Protein chains: 2
Amino acid sequence: MPRPRSLTPDRLATATLTVIDRDGLDALTMRAVAKELGMATMSLYRYVTDKDELEMLVVDHVLSGVNLAVPPGDWRERITELLSRVRKQVLAHSAVVPLLLRHRHSVPSSMVLIEATLAILTDAGFAGERRVIAQRTIVAFLFGMLQNEHYGPLSGPGTAVMAAQERFPLLAETAALARDVAGDAEFHKGLAVVLRGLADG
Amino acid sequence: MPRPRSLTPDRLATATLTVIDRDGLDALTMRAVAKELGMATMSLYRYVTDKDELEMLVVDHVLSGVNLAVPPGDWRERITELLSRVRKQVLAHSAVVPLLLRHRHSVPSSMVLIEATLAILTDAGFAGERRVIAQRTIVAFLFGMLQNEHYGPLSGPGTAVMAAQERFPLLAETAALARDVAGDAEFHKGLAVVLRGLADG
DNA sequence: CTCGTAGATGTACGTTGTACGCCTACGTCG
DNA sequence: CGACGTAGGCGTACAACGTACATCTACGAG
């Protein structure tokens, strides 16, 4: 009846994502988002109950950008395609990774994502507890790997430090090798391991 | 020469962990830790440069509690034993999980843990890039699964919500099944999948 | 006993999330 | 077409946080 809303959840999520992408996660404050939208800080609270809900909006927005319609084919290729799309979408906004890890269980789009994964698995003959384990293992790998890539990329300084550790010879040797492994290759080869294990189970 | 230090890093980490275990992660403030130690807030800064370093101290302390001397035997059993110990140790302080995810790449004890894993893998004949992938995949699984268990345990309310989703039939069916899967079983069966995939590679 | 050094502390400031109360613009109804 | 009630928008204010800074103090070495 009264004054209409001037913001959509999507617009709010987009503005928040803009702030994060431009200035980093530390710069994500209610004041910064409000300024980005050209409105007063407290006005945001007409749309979210607190900052956590704003963060969930962003996470949901990012995950919603993934195209879930993977072409038919071998189930392993389909899972690989789906997860690659998620990874690509996430890496396009890498500063949101910490938020993703925290809120992925609470956003609607993650249910959509899980349903898509389960559809592929079901098509491939997975059922019952075996499907539960498959689903959870795949998701654990996906987000574990995103975490690896975000906090400790093989090409990053951490690997260099490890390569110089005389106290840990295997670590040093492995880290030296790892510096030449691209993130893409790491992800796909790791995923291949998981999928092979699923196929043989 | 002058006044000796009254705190060891270990004592600082223990006090911090006490606060976290007792009052939760939100209650982790410099003031709370100082009170726990019976000293002034600013005194902590003689031992850490900022709060992040305090958090790393805790993470390192927790991971250091893992006994890395796994008995000889089949490499898959050895990896399973090692990861189970890490998991057990972490679940004994489950409120630190978010800190663990954030800081695990920056603490010394994680290098020790990686070295131990690499030793088992090397014994089993893993080498070169294959060992790099194996290591990273195992770690991704471990922390991805801990994340799963912490933020969205199969026995938790999230699963109940999913089981009631009419819009997502597969999700609902799978979630209903999942409620009966214990965390232990989930972890071990998922790990078995990963290890099988590694063996066949 | 004295002294220099580094540990311990108290105060204070800037930043954050957000509770609260007021003002205002709009859709609806007379 | 005008008055009204409702919900959106906003400004102020506050408590809690991390931590910079200046000061005081207790100890080991001489």
Side-chain angles (χ1 to χ4, degrees), chain A residues 1-61 95-96 98-103 106-107, chain B residues 1-61 95-96 98-99 102-103 106-107:
Chain A
M1 240 193 298
R3 196 196 320 211
R5 304 195 140 221
S6 67
L7 240 55
T8 63
D10 204 76
R11 174 143 172 62
L12 182 50
T14 303
T16 307
L17 189 55
T18 300
V19 171
I20 296 174
D21 284 343
R22 179 179 2 102
D23 304 323
L25 193 52
D26 286 347
L28 172 58
T29 64
M30 301 302 282
R31 285 168 173 83
V33 174
K35 180 171 286 183
E36 180 70 27
L37 287 164
M39 59 196 309
T41 306
M42 292 310 293
S43 304
L44 300 180
Y45 287 90
R46 293 281 161 187
Y47 299 89
V48 291
T49 71
D50 56 17
K51 198 190 176 195
D52 265 18
E53 201 173 301
L54 181 63
E55 292 176 357
M56 293 197 288
L57 231 47
V58 179
V59 172
D60 191 54
H61 180 80
V96 304
L99 299 186
L100 198 80
L101 302 182
R102 239 188 100 192
H103 295 297
S106 317
V107 302
Chain B
M1 239 192 299
R3 196 200 312 219
R5 303 196 141 222
S6 67
L7 240 55
T8 63
D10 204 76
R11 171 141 174 64
L12 183 49
T14 303
T16 307
L17 189 54
T18 300
V19 170
I20 296 175
D21 284 342
R22 180 184 356 106
D23 304 324
L25 194 52
D26 286 347
L28 173 60
T29 65
M30 302 302 280
R31 287 167 171 84
V33 174
K35 180 170 287 184
E36 181 69 26
L37 287 164
M39 59 198 309
T41 306
M42 291 310 291
S43 304
L44 300 180
Y45 287 90
R46 291 281 157 186
Y47 301 91
V48 292
T49 72
D50 55 17
K51 198 190 175 193
D52 265 19
E53 202 173 300
L54 181 63
E55 291 176 357
M56 293 198 290
L57 231 46
V58 179
V59 171
D60 191 53
H61 180 81
V96 304
L99 299 186
R102 236 185 107 198
H103 295 297
S106 318
V107 301

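Numbered from 1 within each chain, the chains take letters A, B, ... in sequence-line order. In this text the structure is predicted, and so the values were computed from the model without any measurement.
Summary for the helix from dC1(C)-dG30(D) to dG30(C)-dC1(D): the axes at its two ends, each from 5 pairs, differ by 0° when rounded to the nearest 10 degrees.
In terms of modelled atom types and a separation under 3.5 Å, the side chain of Arg46(A) and the main chain of Arg5(A) share no donor-acceptor contact. In this structure, the side chain of Arg11(A) does not engage the main chain of Ser6(A) through any donor-acceptor pair within 3.5 Å.
Between the CG atom of Leu57(A) and the CD atom of Glu55(A) there is a distance of 10.5 Å, given to the nearest 0.5 Å. Once rounded to the nearest 0.5 Å, the distance linking CZ of Arg31(B) with OG1 of Thr41(B) reads 5.5 Å. For the atom pair Thr49(A) OG1 and Leu44(A) CG, the distance stands at 12.0 Å (nearest 0.5 Å).
Closest to the Met39(B) side chain, of the nucleotides dG8(D), dA8(C), dC27(D), is dA8(C).
For the segment residues 41-49 of chain A, the set of residues with a heavy atom within less than 4.0 Å of an atom of DNA chain C comprises Thr41(A), Met42(A), Tyr45(A), in numerical order. For the contact set between residues 16-34 of chain B and DNA chain C, defined by any heavy atom under 4.0 Å, the members are Arg31(B).
Counting all heavy atoms, side chain and backbone alike, Ala27(B) lies closest to Ala32(B) at O-CB, 3.5 Å. Minimum interatomic distance between Leu17(B) and His61(B) (heavy atoms only, all atoms of both residues): CD2-CD2, 3.9 Å. The nearest pair of heavy atoms linking Tyr45(B) to Asp50(B) is CE2-CA, 4.0 Å.
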Problem set entry | side-chain contact (heavy atoms from CB on, under 4.5 Å) assessment of His103(B) paired with Asp52(B) | CA-CA 9 Å; His103(B) 295 297; Asp52(B) 265 19; 4.1 Å; yes

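The nearest whole Å value for the distance from the NZ atom in Lys35(A) to the P atom in dC10(D) is 14 Å. We find that NZ of Lys51(A) is positioned 15 Å from P of dC17(D), with the value rounded to whole Å. Following rounding to the nearest Å, Leu12(A) (CG) and dG9(D) (P) show an atom-to-atom distance of 11 Å.
The base of dT25(D) lies close enough to the side chain of Arg3(B) for a donor and an acceptor atom to sit less than 3.5 Å apart.
You'll find the side chain of Leu28(A) reaches within 4.5 Å of the side chain of Leu99(A), heavy atoms only. With contacts defined as side-chain heavy-atom distances shorter than 4.5 Å, the pair Val58(B)/Val96(B) qualifies.
Mapping Asp50(B) and Arg5(A) onto DNA chain D by nearest heavy atom places Arg5(A) at the nucleotide closer to the 5' end.
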